[in-house]
Amino acid sequence: MRAFTQLTAKALPLDRPNVDTDAIIPKQYLKSIKRTGFGPFLFDDWRYLDPGTLDIDPATRRPNPDFVLNDPRHAGAQILLARDNFGCGSSREHAVWAMDDYGLRAVIAPSFADIFFSNCFKNGFLPVALAEDQVQALFDVVNADASAEITLDLPAQQVRLPDGRRFGFDINPHHKHNLIEGLDEIGLTLQNADAIKAYEAQRQQQAPWLFA
Amino acid sequence: MPTQTPQTLYDKVWNAHVVTDAGDGSALIYIDRHLVHEVTSPQAFDGLRINGRKPWRLAANLAVPDHNVPTVNRAGGIADPISRAQLDALDSNCAEFGITKFDLMDVRQGIVHVMGPEQGATLPGMTVVCGDSHTSTHGAFGALAFGIGTSEVEHALATQTLVLKKAKSMLIRVNGHVGPGVTGKDITLAIIGRLGTAGGTGFVVEYAGEAIEDLSMEGRMTLCNMAIEGGARAGLVAVDDKTIAYVKGRPFAPKAVHWDAAVAYWKTLKSDPGAVFDKVIEIDAAEIAPQVTWGTSPEMVGPVTARVPDPATATDPVKRSGMEKALAYMGLTANTPIEQIRIDKVFIGSCTNSRIEDLRAAAQVVKGRKKADSVMLAMVVPGSGLVKQQAEAEGLDRIFLEAGFEWREPGCSMCLAMNADRLEPGERCASTSNRNFEGRQGQGGRTHLVSPAMAAAAGIAGHFVDVRSF
């Protein structure tokens, strides 16, 4: 997995609550059996004026000029700013893959849905939960100056604003360690293979019907 | 003598599955059952191949195609080449790795969350995972069941475990009894309306109280299915005699030699008296009316007797703007009585409401009546081939067909519109599914979530009606 330590980048302000994973990447793109190539379809229904499918070249479609992602001032943003309950709905990891493929590396919001939150950490993608007023402060900074750069410092667990303000954030130590080291979680778990086998042997005694 | 601390049902199932506790806020949790479908698994199988890994325990996995499958003319195959490629990938991956799979033409094929319990592949006290958020459904059996992303699908395949942080616990007690015409769907929608779509975030929810005990297993599955729409990754209901009776005799259920021991264990799967929850919510069942969503999030819901709310009454600006966006998308005006909202299509199906009890409830409303002329399409999509077979044995298919409803083949269908079944822009649907998100049932489509009886009644009347007086 790609490691995440520190990032200084512009932010894309997506000012609506309850952004669901159907909105992040609509269902027609889930027919792809690959992990990559979803970036052009990120926020597809809001981003284009005409409908799309995997068969349609996104370059031939009409971008919605009113959608924030199409605002040239936000080009190159690597941090998404969002509102409450970001990533709710379907478990599709394609949502994280689409954000990543587009070029985003982190998302800041007051709260996240659990499955989306967990999916981020499997992809070297950092979700940061801040207090509502801190998120508002970030929106204010970016709305005032789209070129403002925000720094995410994972080892220090800190978000730094251009005006010097610093917001600390919490993160599960396990997630932090794996992100900073870029660790393969399956490989790590398989180091516990003996413990898994021992668990199975003991469980089979207690609940043999699960292994029948 | 020290007494044991009372445990919640969640504590009991969690503790029974801890392989190791890392001490850093995470534990390695053993997974008893992994259900697989075509949409979220191909990249996980690729991961196994790239790293030279094999499934840890083949018998723990069970696969079925559901999201992409056509609901008409199934023998003719799948017209969409991209959908077909995804089903072919499931076929070849299951064949290569040796995973049991029910094929498209197998009578056991169906929506993964209908098929699992129907086969007895979901058992009380299990940990059950699937690359689908509605895996919470299986919590109806006192199983710890939750949706996972594709990286976790690969992890579960390769290691039979997941690295998890224990969630907080919430008890939602629905006291008393619901009135006639009020279903598990209405209970679960009313809870989401009260707590919000993020109300359960970070929690595992246990549902209890007389109204939950009253529910059939189908009703409990509907209830737990939508735990995720309230933000809770998993919902739970304690095991009782209904649970055990449902499981008995199913193909994957314990055989005679283990049955008594299994039942003895399952009967312990309830929260101990005095068990402490991080949060407790009390709801009066008698106050719950049939529910209808009016917006683009399941929390935008109210009783059928209400009116579309007015965003001007919302004090929080983020909430107000969310309501305004929702009403604009839904093409609704504030203060319109819900019963005056006219619909174009009806969808009865999905992992929320496609089981035999759901189809019976809808058929009871439809019987001897005709679909409104203004309703372009009313489709009934059974949750599995076996549900379809049972419904046909009971003559439900004829009731629907005589009323002008369509009777389809099983699958996810227009719940998420990955197959050919979808809404066109602007079309309004009374749907028994679980998500009313923008574009969920087709780009520009407008979804109102309701119970099967309410959807059927709307199909007859052409607009929403209170099924209690229909």
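Computed from a predicted structure; not experimentally measured. All chains are named by letter (A, B, ...) in the order of the sequence lines, taking the proteins before the strands, and each is independently numbered beginning at 1.
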Legend entry - Interchain contact, Asp45(A) with chain B, by part (heavy-atom threshold 4.5 Å): both
Legend entry - Ala198(A) portion near chain B, given a 4.5 angstrom heavy-atom threshold: neither
Inset, instruction - Determine, for Asp44(A) against Arg47(A), whether the closest basic-nitrogen to carboxylate-oxygen distance falls under 4.0 angstrom. - result: no
Inset, instruction - Measure from NZ or CZ of Arg92(A) to the centre of the six-membered ring of Tyr29(A) and say whether it is under 6.0 Å with the direction within 45° of the ring axis. - result: no
Legend entry - Region of Ser90(A) that comes under 4.5 Å of a non-hydrogen atom in chain B: both
Inset, instruction - Select one option (side chain, backbone, both, neither) describing which atoms of Trp56(B) are under 4.5 Å from chain A's heavy atoms. - result: side chain
Legend entry - Residue part contacting chain A, namely of Val153(B), when any heavy atom lies under 4.5 Å: neither
Legend entry - Backbone of Asp57(A) reached by a side-chain donor or acceptor of Thr60(A) within 3.5 Å: yes
Legend entry - Portion of Ala22(B) that has a non-hydrogen atom of chain A nearer than 4.5 angstrom: neither
Inset, instruction - Look at the aromatic rings of Tyr30(B) and Tyr199(A) and report parallel, tilted or perpendicular, splitting at 30° and 60°. - result: tilted
Inset, instruction - Run the salt-bridge test on Arg35(A) and Asp101(A) with the 4.0 Å N-O cut-off and return the result as yes or no. - result: no
Inset, instruction - Tell me, yes or no, whether the heavy-atom count around Lys10(A) atom NZ, taken from other residues, nucleotides or ligands under 6.0 Å, exceeds 12. - result: yes
Legend entry - Test: Arg440(B) and Glu229(B) ion pair at under 4.0 Å: no
Legend entry - Heavy-atom neighbours of Asp170(A) CG exceed 12 at 6.0 Å: no
Inset, instruction - Check each atom of Ala195(A) against the heavy atoms of chain B and say whether the ones under 4.5 Å are side chain, backbone, both or neither. - result: both
Inset, instruction - Check each atom of Ala167(B) against the heavy atoms of chain A and say whether the ones under 4.5 Å are side chain, backbone, both or neither. - result: neither
Legend entry - Atom pair OG/CG of Ser83(B) and Asn68(B) - distance to nearest 0.5 Å: 3.5 Å
Inset, instruction - Calculate, to the nearest 0.5 Å, the distance between atoms CG and CG belonging to Leu210(A) and Asp32(B) respectively. - result: 5.0 Å
Legend entry - Pick from Pro26(A), Ser111(A), Ala95(A), Ser32(A) with the largest number of heavy-atom pairs that fall under 4.5 Å of chain B: Ser32(A)
Inset, instruction - Look up atom NE2 in His17(B) and atom CG in Leu28(B), then write down how far apart they are to the nearest 0.5 Å. - result: 12.5 Å
Legend entry - Contact class of Ala16(B) relative to chain A, heavy atoms under 4.5 angstrom: both
Inset, instruction - Counting only heavy atoms closer than 4.5 Å, note whether Phe112(A) contacts chain B via side chain, backbone, both or neither. - result: backbone
Legend entry - Side chain / backbone / both / neither for Lys197(A) at chain B, heavy atoms under 4.5 Å: both
Legend entry - Arg53(B), part contacting chain A, at a heavy-atom distance under 4.5 Å: side chain
Legend entry - Region of Asn434(B) in contact with chain A, defined by heavy-atom distances below 4.5 Å: neither
Legend entry - Portion of His134(B) that has a non-hydrogen atom of chain A nearer than 4.5 angstrom: neither
Inset, instruction - Against chain A, label Arg435(B) side chain, backbone, both or neither, depending on which of its atoms sit under 4.5 Å from a heavy atom there. - result: side chain
Legend entry - Under 4.5 Å from a heavy atom of chain A, the part of Lys325(B) involved: side chain
Inset, instruction - Identify which of Gln28(A), Gln206(A), Lys34(A), His175(A) forms the greatest number of heavy-atom pairs closer than 4.5 Å to chain B. - result: Lys34(A)
Inset, instruction - Give, as side chain, backbone, both or neither, the part of His94(A) having an atom under 4.5 angstrom from any heavy atom of chain B. - result: side chain
Legend entry - Atom group of Thr159(B) that falls short of 4.5 Å from chain A, counting heavy atoms: both
Inset, instruction - Just say parallel, tilted or perpendicular for the rings of Phe43(A) and Phe86(A), cut-offs at 30° and 60°. - result: perpendicular
Legend entry - Options Thr189(A), Asp15(A), Asn119(A), ranked by heavy-atom pairs under 4.5 Å with chain B, top entry: Thr189(A)
Inset, instruction - Please state whether the side chain, the backbone, both or neither of Ala89(B) comes within less than 4.5 Å of a heavy atom of chain A. - result: side chain
Legend entry - Side chain / backbone / both / neither for Thr53(A) at chain B, heavy atoms under 4.5 Å: neither
Inset, instruction - Examine whether an atom of Thr161(B) lies under 4.5 Å from a heavy atom of chain A, and if so say whether it belongs to the side chain, the backbone or both; otherwise answer neither. - result: side chain
Legend entry - Side chain, backbone, both or neither of Ile82(B) within contact of chain A (heavy atoms, under 4.5 Å): both
Inset, instruction - Measure distances from Asp84(A) to the heavy atoms of chain B and classify the residue's part below 4.5 Å as side chain, backbone, both or neither. - result: neither
Inset, instruction - Classify the ring geometry between Phe67(A) and Trp46(A) as parallel (under 30°), tilted (30 to 60°) or perpendicular (over 60°). - result: tilted
Inset, instruction - Select one option (side chain, backbone, both, neither) describing which atoms of Glu185(A) are under 4.5 Å from chain B's heavy atoms. - result: both
Inset, instruction - Please check if atom CD in Gln205(A) has more than 12 non-hydrogen atoms from other residues, nucleotides or ligands closer than 6.0 Å. - result: no
Legend entry - Glu200(A) portion near chain B, given a 4.5 angstrom heavy-atom threshold: side chain
Legend entry - Pro173(A), part contacting chain B, at a heavy-atom distance under 4.5 Å: both
